[in-house]
Amino acid sequence: MENIMALSNEAIFDELKKILVESFETPEAQITLEANLYEDLDLDSIDAVDLAVKLQTLTGKRIKADEFKAVRTVADVVRAVRSLLDS
């Protein structure tokens with residue numbers, strides 16, 4: 001994989017999609033930027049914690065739990081990862 005810091009938002013979305021498909025068995029067709037993690041993709045709070053851990057592994061940076069609680073959509077996750085990488 002290329003340097004995570006150099007990833008575009010589209011590449012972050014692609015990495016996130018891979019994680020959702022491989023780790024949470026989410027059908028790829030359901031994963032859109034507008035998709036709600038909980039209502040559309042059927043993630044629960046434990047899945048959200050697992051996702052945060054996987055994103056931490058991907059970025060090498062710790063995601064603050066209170067920031068991740070505000071995440072609702074796939075686009076929110078992309079923005080959170082982007083801001084993490086830019087900080």
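Here, residue 1 is the first one in the sequence, and each next residue gets the next number.
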Checklist line | Sole candidate of V77, V81, L58 that passes side chain to side chain contact (heavy atoms under 4.5 Å, CB included) when paired with I12 | finding: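 Filter result, single survivor: V81.
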
Margin query: Among I31, V21, L33, L51, which residue satisfies the side chain to side chain contact (heavy atoms under 4.5 Å, CB included) criterion with L16?
Written below: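 Going through the options one by one, the only one that passes is L51.
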
Item checked: Rounded distance [0.5 Å steps], CZ in F13 versus OG1 in T32 ->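 It is 6.5 Å, given to the nearest 0.5 Å.
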
Note to self: Please check if the number of heavy atoms outside K54 that lie under 6.0 Å from its NZ is greater than 12.
What the structure shows: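 At most 12 heavy atoms, drawn from other residues, nucleotides or ligands, come within 6.0 Å of this atom.
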
Notebook entry, point to check: With distance as the sole test, does D86 use its side chain to make a donor-acceptor pair with the main-chain N or O of S83 at under 3.5 Å?
Noted result: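 No, D86 side chain to S83 backbone: no donor-acceptor pair under 3.5 Å.
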
Next item on the list: Could you please spell out the steps behind the side chain to side chain contact (heavy atoms under 4.5 Å, CB included) verdict for L20 and L43?
Entry: CA-CA 10 Å; L20 289 168; L43 268 61; 4.1 Å; yes

Next item on the list: Might you work through the side chain to side chain contact (heavy atoms under 4.5 Å, CB included) test for I19 and F24, ending with a clear yes or no?
Entry: CA-CA 7 Å; I19 291 170; F24 302 101; 4.1 Å; yes

Where do [X] and [Y] come nearest, in terms of heavy atoms and distance?
X	Y	value
V71	Y38	O-CE1, 3.8 Å
I46	D44	N-OD1, 3.0 Å
K61	Q56	O-CG, 3.2 Å

Notebook entry, point to check: Below 4.5 Å, heavy atoms only, C-beta onward: do L84 and L55 meet side chain to side chain?
Noted result: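 Heavy-atom side-chain distance check fails, nothing below 4.5 Å.
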
Item checked: V74 and L41: CA distance, side-chain angles, deciding distance, side chain to side chain contact (heavy atoms under 4.5 Å, CB included) verdict -> CA-CA 10 Å; V74 171; L41 304 183; 3.8 Å; yes

